[in-house]
Peer 1: 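I have a structure here, written as structure tokens, and I will follow up with some questions on it.
Naming convention: chains lettered A, B, ... in sequence-line order (proteins, then strands); numbering from 1 in each chain. The shown structure was predicted, so the numbers you read here are calculated from the model rather than taken from an experiment.
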Amino acid sequence: MTIPTRFDHTEAAAKIADAWDAAGCAHAEPNPNKKPFSIVIPPPNVTGALHLGHGLNNTLQDILIRTKRMQGFEALWMPGTDHAGIATQAVVERRLKEQENKSRHDLGREALVKRIWDWKAQYETRILGQLKRMGCSCDWQRLRFTLDDVCAAAVRATFFDLFSKQRIYRGKRLVNWDTFLQTAVSDDEVFNETKKGHFWHIFYPVVDPKPGEPTRIEIATTRPETMLGDTAVAVHPDPESAFKKVGSELGEKLAAASSGEQEEIQEQIDALEQRSKEMLPLLVQLRDMALDGRKLLLPLVDREIPLIADEWAKPEMGTGCVKITPAHDPNDYEVGKRADLQMINILNPDGTLNSEAGTYEGLTIPKCRKKVVEDLEKLELLGDIEDREIELPHSDRSKTPIEPYLADQWFVAMAELAQSAMDAVTDDRVKIFPERYRKGYLDWLSEKRDWPVSRQLWWGHQIPIWAVGGITEAEAQAIESKLKAFPEYASGKIAERIDAEDAGTFAIFVCLRDEDVKLETKVQSLGLTRDADVLDTWFSSALWPHSTLGWPEKTPELEYFYPTSTLITSRDIITLWVARMVLMGLNNLGEIPFSEVFIHPKILDGNGEGMSKSKGNGVDPIDVIDKFGPDALRFGLARLATETQDVRMPVQYECPHCEKLIDQTKKNQSVPAVECPQCKKSFSTQWAESEADKSLPKGAVVSEKFETARNFVNKLWNAARFTLMNFDGYKPQSINVAELPLEDRWLLSRLSTVTRDVTEAIEHYHFAEASRILYDFAWNEFCSFYIEIAKPRLSDNALRGVTQSVIAHGLDTLLRLLHPIMPFVTESIWGFLNDAAPERGLANPVKAPRFVMTADWPVAEASHYNESIERQFNEFQEVVGAIRRIRSSQNIAPKEVVPVAIRCSQSSQSLLEPMRSYFQALTGADVVALGEHAAPFEIDAPLALTSLDIDVHVDLEKFIDVNAELSRLEKLRDQVVKQITGKEQKLSNENFVARAPEAVVLKERESLDDLKKQLQSVQSDIERLKQKLT
RNA sequence: GGGCGUUUGGCUCAGUUGGUUAGAGCACCUCGUUUACACCGAGGGGGUCGGGGGUUCGAGUCCCUCAACGCCCA
């Protein structure tokens, strides 16, 4: 059999994937003869391509699903993608602006949505391609998209149900308004940026001040233009105690502060006292004016607004008085609700001022601000202007400043839903691993904040509500009775409600359960129009575990695979997604969506920052696969994914000319082209814009962290290659394990343990541990010892057959265990193994299945585990190590065969006797004497393995380098002396001897005795050598 | 401000219920073309386990405290 020396993944992976596909290996069907195991993929956004974070997420899911499939479950991994409403619309809109200088309004809803579908098609293809190349064994026949018909039906049914139960309602709310995209964005889509700004002091005249009262009141603001929407000015209702409270808080802080901080806090206290002295009388007076109902005249718009008392006004901040703009500031909104203030919206959706702003109508916010300040100055109502750092919220999607904005929204009432999702976790129906993430989940849900689900977007599930407002109650009721006459009303497809509006008018809202154009037309003919908004993306992803299985239809898949088994995801969406899936699953089906959730770490770059395209540090799994192969990508990720640590992955550019890896730095990660320090040629990056840069070949972004994994793939490949090259004449035969030699039984014992540990590790989501166990076993035991020992056996006709059988069994088991982590290389080797040894196994060899992917998961054979065999083999390994250390310290060339004598007990002798020839294979030693009477050589290099009661001697007659030997022995002696000192100290401590468990003390004593013997022996060796010298 | 996490050799990380001399991979040094693998083999150097305090016969591991970094929430 000829096998290439390297695993050519580029050639092999595609063929293997095709073969799996053709055989339907990853397809799952409801199957009463098997237990189901199902996972839904966290659907990737079609906004962009996948990076290594997704690579990790999907690798772990695939490891689990492949393991379960091999374990005999009917294993379904449900794939799909997410429409990611705002994110996707935002990128398409931004491109539209950049490339054609058009807004979405230039295009219109239908045309824009079509463009987004085109974008989706392109990226979905790319994403699925990435997943497939990673080897993800999803059931591709069942692909879903959160905006497809099946998911849409689930969304409609859910919305209808919640609307009917009065759990969806309409209300006003101050939202984060993105003036560029002209939509509300959620808190999670907002980031704060500190910018330089000003703190403008402004005076509002008092209307009809009484004698002795101030004629104007000073307020300060960072956003002067919002004064146009002011409806009050607030002062604290009890400024004196407010000062005291802040003072005592600072006092406490001072008492607890370290000496370094004390000075600063003391300064704050002094300033506060000074301020209190100066300002308190005025603030008290203002408070009294507020209680007396004094009004102010709002400049520029000449509106009378009340002076009110509210705790939001902080005496210790600014002027102690605060303007209140309920429609444009979250805190002011709360004040407005408390004091029942008018709420005046001064903005148009595009961020320009509306008619409420009077003469300022039509200006943009910056222009308006400038003009307001100028006009106030003309009126001599402008005070100081301070420079100040301002935390300004920005939209994550459009990168433009967010405006707080009062808008009508649909809400999902969370009280009961959230409680149900909390209960599911507290009573362990849903288990979260690692457990510490429970807390965040429960804390977030316990706030039970209603969920605003309207998005003023075009890309998404349009809200299935038809409405008409501004009508009388009678008109609304007339429409209601017409609706009730529809046959669809009786069949439960229509729900409606009538709400009273602010202006004393009424509105009727109608929700339709199914997509039904005829019914929609009928409803519209009653004068109702459909809500233009779409639903928050998370509304549809919350349904993902059941919508993908066909709900609200009662499909066999839903029946069989729901609830799903495990969800694997990253921690940033525990609240946004995981919690909502739980509550929606409970609402829609009365059952949890999954019983276990595993939260995996994040992938960071070398600077500890999350990877993203916008930073330029994002790694495309495809680049890693191209360079290292899919198995190396997967193994590399799995190996790093431990329980507690995020994964730091230093990133390199790969020079496309010479393949040099160039560390990515803060500097070079954002430039359009990089010059390779090795070959001096340039290559382009993702930032290339100019024609010159674009014409350069592109440098892939990879990480050398995958080299280890790639090497491991190669190691495994070559171990198999060697094995299979020695399979000529293989015949299956029944093996009696009890009669096998030590090394075989050692291998089987180790396999038993490894199988048990790997199985357990995967089932507990300890993917890094599973990878490590397999790596260590495959490399350090299977290759370094078993195969090395097998070499002489394979060339011995008497032993060859048994050796082939055991090694075939070992390789077979190893391939099965490694397959979930490294599917391609294992499948490839499996094919060769099937050619060389189609029937294999120990007692009863049987024909192996065609694919390792669908082979049975190994069962840990408890009877093969044998502690004393492992201990004995360890003795052999120790002797091997000793010979190697001596050889190395003497610089004996590997091809030289050295005579070795091993003094040991009788029992060790009978153990090592059969291993004699393997010393030759592993260490180039000719064991000339073995047993109780094996003596040192004339010119001898000794090494005592005192704990085993073995002395190893190497004959140095031909090789002696006395100085090297002396320095080795002296170094050894120093080490031993150090250890002896430590132990003697420990044992002379009465407390230790008296209080430590007897076994520990005994162990220390024995080990001290051993060390002393070793010291003696080393000392006499040194003496002997020195005598030889003289 | 609250919560969670991290800090172990140059780098990336392991380290089970406290118990021999704290491990691995990469990098480094020495030697090596032994008929699987130089993406390899053999050997080696390198760590006051972030600082301080405590509990204990014994602390990388438990407790307190400080510091730095990261994430989430307000």
Peer 1: Is Lys791(A) positioned over the aromatic face of Phe722(A), cation under 6.0 angstrom from the ring centre and no more than 45 degrees off axis?
Peer 2: yes
Peer 1: Would you say C40(B) has OP1 or OP2 under 4.0 Å from some side-chain N or O of Asn711(A)?
Peer 2: yes
Peer 1: Closer than 4.0 Å, any side-chain N/O of Trp779(A) to the OP1 or OP2 of G41(B)?
Peer 2: yes
Peer 1: With sugar-phosphate meaning primed atoms plus P, OP1 and OP2, does Asp776(A) contact a base, only sugar-phosphate, or nothing at under 4.0 Å between heavy atoms?
Peer 2: nothing
Peer 1: How many whole angstroms separate atom CZ of Arg885(A) from atom P of G45(B)?
Peer 2: 11 Å
Peer 1: What is the nucleic acid contact for Thr723(A), judged by heavy atoms within less than 4.0 Å: base, sugar-phosphate only, or nothing?
Peer 2: nothing
Peer 1: Using heavy atoms to find the nearest nucleotide of RNA chain B for Arg772(A) and Phe712(A) separately, return the residue whose nucleotide is more 5′.
Peer 2: Arg772(A)
Peer 1: Select base, sugar-phosphate, or nothing to describe what Thr5(A) touches, counting heavy atoms under 4.0 Å on all strands.
Peer 2: nothing
Peer 1: Are the side chains of Asp631(A) and Phe712(A) in touch, meaning some heavy atoms are under 4.5 Å apart?
Peer 2: no
Peer 1: Any N or O donor-acceptor pair linking the side chain of Glu788(A) to the base of A36(B) at under 3.5 Å?
Peer 2: yes
Peer 1: For the pair Trp717(A) and Phe832(A), name the ring-plane relationship: parallel under 30°, tilted 30 to 60°, perpendicular over 60°.
Peer 2: perpendicular
Peer 1: Under 4.0 Å, counting only non-hydrogen atoms across every strand here, what does Lys895(A) touch: a base, just sugar-phosphate, or nothing?
Peer 2: nothing
Peer 1: Val713(A) near the nucleic acid: base, sugar-phosphate alone, or nothing, with a heavy-atom cut-off under 4.0 Å?
Peer 2: nothing
Peer 1: Hey, does Lys439(A) reach any base, or is it just sugar-phosphate, or nothing, if we go heavy atoms under 4.0 Å?
Peer 2: sugar-phosphate
Peer 1: Go nucleotide by nucleotide along RNA chain B from the 5' end; which of Arg6(A) and Pro650(A) gets its closest nucleotide reached first?
Peer 2: Pro650(A)
Peer 1: Both distances below 3.5 Å, Watson-Crick or wobble geometry, any strand: find the nucleotide opposite C4(B).
Peer 2: G70(B)
Peer 1: CD of Glu704(A) versus P of C11(B): gap in Å, rounded?
Peer 2: 13 Å
Peer 1: Roughly, in whole Å, what's the span from CZ in Arg438(A) to P in C4(B)?
Peer 2: 14 Å
Peer 1: Leu922(A) has an atom CG; how far is it from atom C1' of C40(B), in whole Å?
Peer 2: 15 Å
Peer 1: Given atom CZ of Phe7(A) and atom P of C40(B), what is their separation to the nearest angstrom?
Peer 2: 17 Å
Peer 1: May I ask you to decide if the ring planes of Tyr918(A) and Phe876(A) are parallel, tilted or perpendicular, using 30° and 60° as cut-offs?
Peer 2: perpendicular
Peer 1: What is the distance from atom CH2 of Trp444(A) to atom CZ of Arg449(A), rounded to the nearest 0.5 Å?
Peer 2: 7.5 Å
Peer 1: Send over the distance from Arg884(A) CZ to G32(B) C1', rounded to a whole Å.
Peer 2: 13 Å
Peer 1: So what's G10(B) paired with, Watson-Crick or G-U wobble, going by both distances under 3.5 Å?
Peer 2: C26(B)
Peer 1: Donor-acceptor pair under 3.5 Å: do we get one between Arg710(A)'s side chain and the base of C39(B)?
Peer 2: yes
Peer 1: Side-chain N or O of Lys705(A) versus OP1/OP2 of G25(B): is the shortest distance under 4.0 Å?
Peer 2: no
Peer 1: Counting only side-chain N and O atoms of Lys715(A), is one of them less than 4.0 Å from OP1 or OP2 of G41(B)?
Peer 2: yes
Peer 1: Sticking with atom C1', work out how far G3(B) lies from A74(B), rounded to a whole angstrom.
Peer 2: 11 Å
Peer 1: Would you tell me if any nitrogen or oxygen in the side chain of Thr642(A) comes within less than 4.0 Å of OP1 or OP2 on A14(B)?
Peer 2: yes
Peer 1: With the threshold set at 4.0 Å, does a side-chain nitrogen-carboxylate oxygen contact exist between Arg571(A) and Asp646(A)?
Peer 2: yes
Peer 1: Just the rounded figure in Å: distance from P of G5(B) to NZ of Lys602(A).
Peer 2: 17 Å
